[in-house]
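Quick notes on the structure that follows.
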Amino acid sequence: MKRFFRLACAFCAVLILIWYSLPSVYQILHAPKVVDFGILPSAPALRITSASTQFVRSGIDERLSDRQTTERTLRLFGLLPLRTFQQQIGGRTVAVGGEAVGVVLKTNGVQIVGLGEIETEEGRRSPAADAGLRQGDVILAVNNHSVADTASFTSLCRSSAGDLSLSFQRDGSTFTVTVRPERDKDGVARIGAWVRDSTSGIGTMSFYDPNTRFYAALGHGVTDVDTGKLIAPSSGYLTETVISSVRVGTQDRAGELIGTFSVREADAIATITQNTEFGISGKLGSSFRIERSLRSVAPPDAAHLGDASIITTTSGQTPHTYRVRVIRVDVQSSPNTQGMMIEIVDPALLGQTGGIVQGMSGSPLIQDGKLIGVVTHVFLSHPTRGYCLYAAWMAEKLLPFA
């Protein structure tokens, strides 16, 4: 019995040594006390518990205090505490953007953007709606054949005799329904649904990591214009854009950057691999030259009321710097898409655009020499003002670490 006990102890000791020598375990156990949790790898049996952060404002409408408490505990099997870390937010060095880019995003399958009725010999029918399909659903397959785009969807529907088995995605879950097409007065079989397989537009590059060449742009997600839902991309890319003119923003009507860009994938300068509420991201191609100045990403509590700068492109392809004023900063302990409000005060930019216009989303904000935020939305009732998100949250969500 004693011999068995010794062997068992020796076996456990060997397992512990092997576990301890794993690179991921060693990196976590020997990490500095103050660390960005985003760079810590996952490791067997180790769990980092969440904890709240409290920022302290030194006064109404004043700079946030540098004092903050953000601690998380490393536990074995989520139970036995081993050590405590303090959160480090921001501090990454990135190349700031400001370039206008063409955004081309293709969906996984086709998205239903509208439902309608079919005028048949027996009256009006709506097969898709009757089967339970809704606006915003993404059709992935027809009779077990994958749908690549609108052309393949139409071909599959019209080449199939009888009922159609449609696989579709809704709110992250996949379902299957049976739809019986109806023939219109011309004898064409239809299901009564309008679909779309891609979208495109103009946005602004926010920043990129010069080492990994991963970028972050827009500051908000790409949504379908009809459904308002985030598009789940199967593929996407950025292309160069030349801004030719600006439709000036007025009260109750957002302005817009007007430009030309290629929608051909052969002209892509970057891929799009993520489309989130914090923006889009992917990797820059070799044709994109990183020539912008490097800036440190400021933590969320570093932003304060007062003067700042915006970098954006309103003509041609060259970004320029303009004066803005930060008029509101919010205390945030976790990522949120709205953290600041700014007002455009530069006469040159106001003369060109009237304020913030569509296409400027993603423009970076600089304050005290650091990247503090990214433009996201404009106030329709006050086009010189807009919302911004903290750059630290955007970097945390969209940029992988080297």
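All values derive from a computational prediction rather than experimental measurement.
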>> Tell me if a side-chain donor or acceptor on Thr239 pairs with a main-chain N or O of Ser262 at a distance below 3.5 Å.
In response: yes
>> Test: side chain to side chain donor-acceptor pair (under 3.5 Å). Region: residues 270-279. Which pairs qualify, not counting sequence neighbours?
In response: Gln274-Ser281
> Which residues pass the ring pair (Phe, Tyr, Trp, His ring centres under 6.0 Å) test with Tyr387, sequence neighbours left out?
Replying inline: Phe379
>> Set out, in order, the CA-CA distance, both residues' side-chain angles and the distance that settles side-chain contact (heavy atoms from CB on, under 4.5 Å) for Val138 and Val110, then state yes or no.
In response: CA-CA 5 Å; Val138 178; Val110 294; over 6 Å; no
>> Please report the interatomic distance CD1(Ile191) to CD1(Ile112), rounded to the nearest 0.5 Å.
In response: 6.5 Å
>> If you compare all heavy atoms of His220 against all heavy atoms of Thr376, which two are closest, and at what distance to 0.1 Å?
In response: CD2-O, 3.4 Å
> So do Ile310 and Leu349 actually touch side chain to side chain, heavy atoms under 4.5 Å?
Replying inline: yes
> Among all residues two or more places apart in sequence or in another chain, which pass the side chain to side chain contact (heavy atoms under 4.5 Å, CB included) test with Ala141?
Replying inline: Ser167
>> If I take atom CD1 from residue Ile342 and atom CZ from residue Arg325, how far apart are they, to the nearest 0.5 angstrom?
In response: 11.5 Å
> Among pairs that include at least one residue of residues 261-273, which meet salt bridge (Lys or Arg N to Asp or Glu O under 4.0 Å), considering only residues two or more places apart or in two chains?
Replying inline: Arg264-Asp267
> In chain order, what residues pass the ring pair (Phe, Tyr, Trp, His ring centres under 6.0 Å) check against Phe168, with sequence neighbours excluded?
Replying inline: Phe175
>> So that I can tick it off, tell me whether Asp130 and Arg125 are bridged by a salt bridge, with the cut-off set at under 4.0 angstrom between side-chain N and carboxylate O.
In response: no
>> If I compare all heavy atoms of Leu164 with all of Cys157, which pair ends up nearest, and what's the gap?
In response: CD1-SG, 3.8 Å
> Would a line drawn from the ring center of Phe288 to the ring center of Tyr208 be shorter than 6.0 Å?
Replying inline: yes
> Just wondering, more than 12 heavy atoms not from Arg213 lying within 6.0 Å of its CZ?
Replying inline: yes
> Taking only residues two or more places apart in sequence or in another chain, which ones pass salt bridge (Lys or Arg N to Asp or Glu O under 4.0 Å) with Arg124?
Replying inline: Glu117, Glu119
> Does one side chain, of Thr318 or His320, offer a donor that lies under 3.5 Å from an acceptor on the other?
Replying inline: no
> Any sub-3.5 Å donor-acceptor pair from Ser126's side-chain atoms to Gly116's backbone N or O?
Replying inline: yes
>> Side chains of Val103 and Leu238, heavy atoms from C-beta outward: is any pair under 4.5 Å?
In response: yes
> Rounded to the nearest 0.5 Å, how far apart are NE2 of His145 and OG of Ser165?
Replying inline: 10.5 Å
> Rounded to the nearest 0.5 Å, how far apart are OG1 of Thr241 and CG of Leu257?
Replying inline: 9.5 Å
> What's the shortest heavy-atom distance between Arg295 and Val96, and which atoms?
Replying inline: CG-CG1, 3.4 Å
> Counting distance only, does the side-chain N/O of Ser244 pair as donor-acceptor with the main-chain N or O of Ile258 below 3.5 Å?
Replying inline: yes
> With Ala254, which residues qualify under side chain to side chain contact (heavy atoms under 4.5 Å, CB included), at least two apart?
Replying inline: Gln358, Val378, Leu380
> Which pairs count as salt bridge (Lys or Arg N to Asp or Glu O under 4.0 Å) when at least one residue sits in residues 153-166, sequence neighbours excluded?
Replying inline: Asp163-Arg180
> Hey, are the side chains of Leu156 and Val147 touching, using non-hydrogen atoms and a 4.5 Å cut-off?
Replying inline: yes
> Which distance, rounded to the nearest 0.5 Å, do you find between the CG of Leu218 and the OG of Ser363?
Replying inline: 10.0 Å
>> List the residues meeting side chain to side chain contact (heavy atoms under 4.5 Å, CB included) with Asn108, not counting sequence neighbours, and say none if there are none.
In response: Leu140, Ser234
> Can you list every salt bridge (Lys or Arg N to Asp or Glu O under 4.0 Å) pair that touches residues 340-361, not counting sequence neighbours?
Replying inline: Glu343-Arg385
> Rounded to the nearest 0.5 Å, what separation is found between the CE atom of Met340 and the CD atom of Gln367?
Replying inline: 8.0 Å
> Under 4.5 Å between any side-chain heavy atoms of Val329 and Tyr390, yes or no?
Replying inline: yes
>> Using the rule given for salt bridge (charged side-chain N to carboxylate O under 4.0 Å, His left out), can you reason through Asp209 versus Arg92, listing the C-alpha separation, both sets of side-chain angles and the distance that settles it, and then say yes or no?
In response: CA-CA 9 Å; Asp209 189 320; Arg92 294 184 66 170; 3.0 Å; yes
>> Pair Ile243, Thr314 - check side-chain contact (heavy atoms from CB on, under 4.5 Å), show working.
In response: CA-CA 6 Å; Ile243 302 300; Thr314 58; 5.6 Å; no
>> Within the structure provided, determine whether Leu399 and Val94 are in side-chain contact (heavy-atom separation under 4.5 Å).
In response: yes
>> Is it the case that the side chain of Asp368 and the backbone of Lys370 share a donor-acceptor pair, with hydrogens and angles ignored and the cut-off at 3.5 Å?
In response: no
> Looking only at atom types and distance, does a side-chain atom of Tyr322 sit under 3.5 Å from a main-chain N or O of Pro347, one as donor and one as acceptor?
Replying inline: no
> Hey, mind stepping through Thr321 and Ile366 against side-chain contact (heavy atoms from CB on, under 4.5 Å) and telling me if it holds?
Replying inline: CA-CA 9 Å; Thr321 302; Ile366 307 298; over 6 Å; no
>> Let's go through Val101 and Phe261 carefully: what are the C-alpha distance in whole Å and the side-chain angles of both, what is the deciding distance for side-chain contact (heavy atoms from CB on, under 4.5 Å) to 0.1 Å, and is it a yes or a no?
In response: CA-CA 8 Å; Val101 290; Phe261 61 94; over 6 Å; no
>> Among residues at least two apart in sequence or on other chains, which ones pass side chain to side chain contact (heavy atoms under 4.5 Å, CB included) with Ser206?
In response: Val374, Met394
> Do you know the tightest heavy-atom contact between Met205 and Leu284?
Replying inline: CE-CD2, 3.8 Å
> For Ala268 and Ser287, which heavy atoms make the closest approach, and how far apart are they?
Replying inline: O-OG, 4.1 Å
>> If we ignore hydrogens and angles and just use 3.5 Å, is the side chain of Thr353 paired with the main-chain N or O of Gly355 as donor and acceptor?
In response: yes
>> Does any part of the side chain of Thr204, heavy atoms only, come nearer than 4.5 Å to the side chain of Thr313, both counted from C-beta?
In response: no
> Taking all atoms of both residues into account, what is the closest heavy-atom pair of Gln332 and Gly339, and its distance?
Replying inline: NE2-CA, 3.4 Å
> Applying salt bridge (Lys or Arg N to Asp or Glu O under 4.0 Å), which residue pairs with at least one partner in residues 189-208 are found, sequence neighbours left out?
Replying inline: Asp184-Arg190, Arg196-Asp224, Arg196-Asp226
>> Tell me whether Thr154 contacts the main-chain N or O of Thr150 through its side chain, where contact means a donor paired with an acceptor under 3.5 Å.
In response: yes
